[in-house]
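Read the structure below first, then the notes.
All figures in this text were calculated on a predicted structure; none of them were measured in a lab. Order of the sequence lines sets the chain letters (A, B, ...), proteins ahead of strands, with each chain counted from 1. All values below come from the heavy atoms of this structure, side chains included, with hydrogens, waters and symmetry mates left out.
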Amino acid sequence: MLQVSYIRDNREQVLERLAVKNFKQPELVDEVIGLDDKRRQTQTQLDNVSAQSNAAAKQIGELMRNGKKEEAEAIKANTGKWKEEGKQLSELLGAVEQELQDKIVLLPNLPHASVPKGITPEENEVVLEHGAIPALPTGSLPHWELATKYNLIDFELGVKITGAGFPVYKGKGAKLQRALIAFFLDEAEKAGYEEVMLPLMVNEASGFGTGQLPDKEGQMYFVGQDNLYLIPTAEVPITNLYRDVILKGDELPVRNTGYTPCFRREAGSYGAHVRGLNRLHQFDKVELVQVVHPDTSYDVLEQMSAHVQGLLQKLGLPYRVLRLCGGDMSFTAALTYDMETWSAAQGRWLEVSSVSNFETFQSNRLKLRFRNAEGKTQLAHTLNGSALALPRIVATLLENNQTENGIKIPEVLVPYTRFEWID
RNA sequence: GGAGAGGUGUCUGAGUGGUCGAAAGAGCACGCCUGGAAAGUGUGUAUACGCCAAAAGUGUAUCGAGGGUUCGAAUCCCUCCCUCUCCGCCA
């Protein structure tokens with residue numbers, strides 16, 4: 001959520017930045033400013049009325065204590081008017097605040113100056129490519145066929161017990177999942193992140209805090225009986241650990257990592273591009289979250305990007321890094337790097353990580369602040385990134401490393417899998 | 001799920017209708033004291049929004065959340081959330 005005071009003071013710039021994100025309702029900016037004017041005006045009026053009646057109440061109290069009942073009664077006669085006025089003003093204020101809130105949450109975050117203008121994924125900027133694209137021998141298979149051939153994943157069993165998009169991992173397939181999770185968590189710990197293990201369901205306030213609600217309501221599974229949402233990413237519970245928190249200056253930066261399953265309804269996704277592990281309703285992911293001083297957030301973003309790239313390099317996967325264009329970026333991000341690995345058998349890039357700086361967009365909703373050098377409270381910057389999402393990593397590992405003798409496990413994973421080949 | 005108790009500031013904890021943003025203590029910050037430290041001592045120590053060009057200042061709101069009663073609510077009433085104890089159930 002953008003800060004009203006910022007919008008008020010930087011109207012032109014806000015409109016300019018929103019245009020980069022291809023935002024379709026620029027008129028909301030002026031509506032927000034108008035509502036804020038009205039809000040402030042109404043609050044001033046209400047405060048004045050309250051001050052009057054507070055003073056009168058105090059006076060009545062004193063008179064009563066001194067036994068001057070008649071004089072107290074005389075003042076009481078005036079209070080009805082203020083009460084009525086106050087009631088009306090506070091109802092008006094409530095309505096204006098609600099309307100302001102309803103509009104301001106529709107404004108996406110402002111993109112960073114380096115974000116390219118653009119609408120479609122084709123307009124994303126390729127920052128770098130790393131690693132040679134492997135040439136597979138003829139007869140090589142896509143991962144869903146390899147998964148069946150080596151008895152690693154059973155998609156039909158998942159359909160039977162739950163539904164499409166809920167695969168069952170078996171044998172070395174299951175062990176590979178566990179190995180990747182442990183490897184990613186260990187790497188994060190080495191990089192200074194503290195591990196957390198989290199609830200997989202969150203309440204409405206948490207969904208709002210990180211920006212999933214109200215605009216992406218339909219993408220989360222909802223447990224209506226208890227009003228809880230299944231998390232679409234560990235970002236939600238981790239970042240919400242710091243909701244309504246004022247950190248001491250020396251507590252920054254906060255670095256957390258967590259493994260969780262992620263649940264996504266993915267309504268409206270069908271067809272060949274969601275085949276196999278490409279798009280699932282439940283998948284595993286290790287997430288990184290940082291809460292940092294605003295001055296350092298873009299340096300930290302580069303560090304997180306480097307960390308993710310390091311993982312891909314250790315796994316020996318060819319990848320590229322994209323700087324997302326305005327139109328392809330999420331609602332909440334100011335700058336996002338996507339990491340994609342090359343899926344050799346499918347012949348296309350698969351997104352395996354997304355690293356973003358949200359600046360104060362989340363912290364404003366979360367009321368996540370720190371005490372700055374002047375001793376005043378200030379909104380912190382939040383960042384997060386996947387490091388990494390498992391299914392597409394598994395897909396490319398299986399496809400890219402297939403040989404006539406089986407699938408070779410990357411060396412860094414062998415201590416975790418305790419087998420070198422899937423055969 | 002049933003019965004009971006309770007939710008006050010960073011913490012402990014007072015406060016059952018008015019002078020309460022809230023006693024007292026601890027903690028923390030700064031100062032004095034000291035060769036240095038401890039002890040002692042003094043001062044300060046919530047957040048948000050508004051008014052003001054800004055600072056100073058000042059107004060309003062906040063004692064789990066929301067509503068109600070009242071001239072006036074931390075205090076009374078209602079609803080919800082949470083914690084604890086006992087019972088039930090249970091990995």
Atom pair distance, as rounded to whole Å: CD in Gln41(A) and P in rC52(B): 12 Å

Atom-pair distance (CH2 on Trp82(A); P on rG72(B)), nearest Å: 11 Å

Nucleotide rU10(B), atom P - distance to CZ of Arg371(A) in whole Å: 10 Å

Rounded distance in Å - CG (Leu247(A)) to C1' (rU47(B)): 15 Å

Span that lies between the C1' atom of rG67(B) and that of rU62(B), in whole angstrom: 16 Å

Heavy-atom neighbours of Glu411(A) CD exceed 12 at 6.0 Å: no

Sugar-phosphate, base or nothing in reach of Ser53(A), heavy atoms under 4.0 Å: nothing

Spacing of the C1' atoms in rG40(B) and rA46(B) (rounded, Å): 29 Å

Gln101(A) and Glu97(A) side chains, donor-acceptor separation under 3.5 Å: no

Any strand: nucleotide that pairs with rC28(B) via Watson-Crick or wobble, under 3.5 Å: rG44(B)

Value in whole Å for how far the C1' atom of rC11(B) lies from NZ of Lys248(A): 12 Å

Between rU8(B) and rA3(B) - C1' atom distance, rounded Å: 26 Å

Counter-base of rU85(B), judged by Watson-Crick or G-U geometry with both distances under 3.5 Å: rA3(B)

Between rU69(B) and rC77(B) - C1' atom distance, rounded Å: 7 Å

side-chain N/O Lys83(A) vs rG72(B) OP1/OP2, d < 4.0 Å: yes

Give each protein N/O atom lying under 3.5 Å from an N/O atom of nucleotides 58-62 of chain B, with the pair distance.
from    : atom 1 : to       : atom 2 : distance (Å)
rG59(B) : N2     : Asp47(A) : OD2    : 3.0
rU60(B) : OP1    : Asn54(A) : ND2    : 3.2
rU60(B) : O2'    : Asp47(A) : OD1    : 3.1
rA61(B) : OP2    : Asn54(A) : ND2    : 3.4

CD (Glu204(A)) with more than 12 external heavy atoms under 6.0 Å: no

cation_pi(Arg264(A), Phe283(A)) dist<6.0 Å, angle<=45: no

Lys172(A) to Tyr150(A) six-membered ring, cation-pi geometry met (6.0 Å, 45°): no

Residue pair Pro121(A) / Asn124(A), side-chain heavy-atom distance below 4.5 Å: yes

Between rU70(B) (C1') and Lys76(A) (NZ): distance, integer Å: 8 Å

Complementary nucleotide for rU79(B) - Watson-Crick or wobble, under 3.5 Å: rA65(B)

Candidates Gln25(A), Glu31(A), Glu27(A) - the one meeting side chain to side chain donor-acceptor pair (under 3.5 Å) with Lys103(A): Glu31(A)

Donor-acceptor under 3.5 Å (Ser363(A) side chain, Ala380(A) main chain): yes

Spacing of the C1' atoms in rC81(B) and rA23(B) (rounded, Å): 29 Å

Atom pair distance, as rounded to whole Å: CG in Asp244(A) and C1' in rA46(B): 14 Å

Asn256(A) (side chain) donor-acceptor with Glu194(A) (main chain) under 3.5 angstrom: yes

Pairing nucleotide - rC90(B), Watson-Crick or G-U, each distance under 3.5 Å: none

Selection: residues 84-93 of chain A, any non-hydrogen atom under 4.0 Å of RNA chain B: none

Glu73(A), CD: over 12 other non-hydrogen atoms inside 6.0 angstrom: yes

Side chains of Tyr259(A) and Glu195(A), donor plus acceptor under 3.5 Å: no

Counterpart base for rG72(B), defined by Watson-Crick or G-U wobble contacts under 3.5 Å: none

Phosphate OP1/OP2 of rC49(B) contacted by Arg40(A) side-chain N/O (<4.0 Å): no

Euclidean distance, atom NZ of residue Lys58(A) to atom C1' of rG72(B) [Å, nearest integer]: 12 Å

Distance, P atom - from rC80(B) to rG4(B), rounded to whole angstrom: 15 Å

Worked verdict on Glu99(A) versus Lys38(A) for salt bridge (Lys or Arg N to Asp or Glu O under 4.0 Å): CA-CA 11 Å; Glu99(A) 204 182 337; Lys38(A) 194 169 178 191; over 6 Å; no

OP1 or OP2 of rA48(B) under 4.0 Å from side-chain N/O of Arg39(A): no

P gap between rA22(B) and rC32(B), integer Å: 29 Å

Base partner of rG17(B), which must satisfy Watson-Crick or wobble distances under 3.5 Å: none

Contact under 4.0 Å: Thr377(A) side-chain N or O vs rA48(B) OP1/OP2: yes

rC52(B) and rU60(B), which share atom name C1', separated by this distance in whole Å: 16 Å

Counter-base of rG57(B), judged by Watson-Crick or G-U geometry with both distances under 3.5 Å: rC51(B)

RNA chain B: 5'-proximal contact among Lys376(A) and Met64(A) (nearest heavy atom): Met64(A)

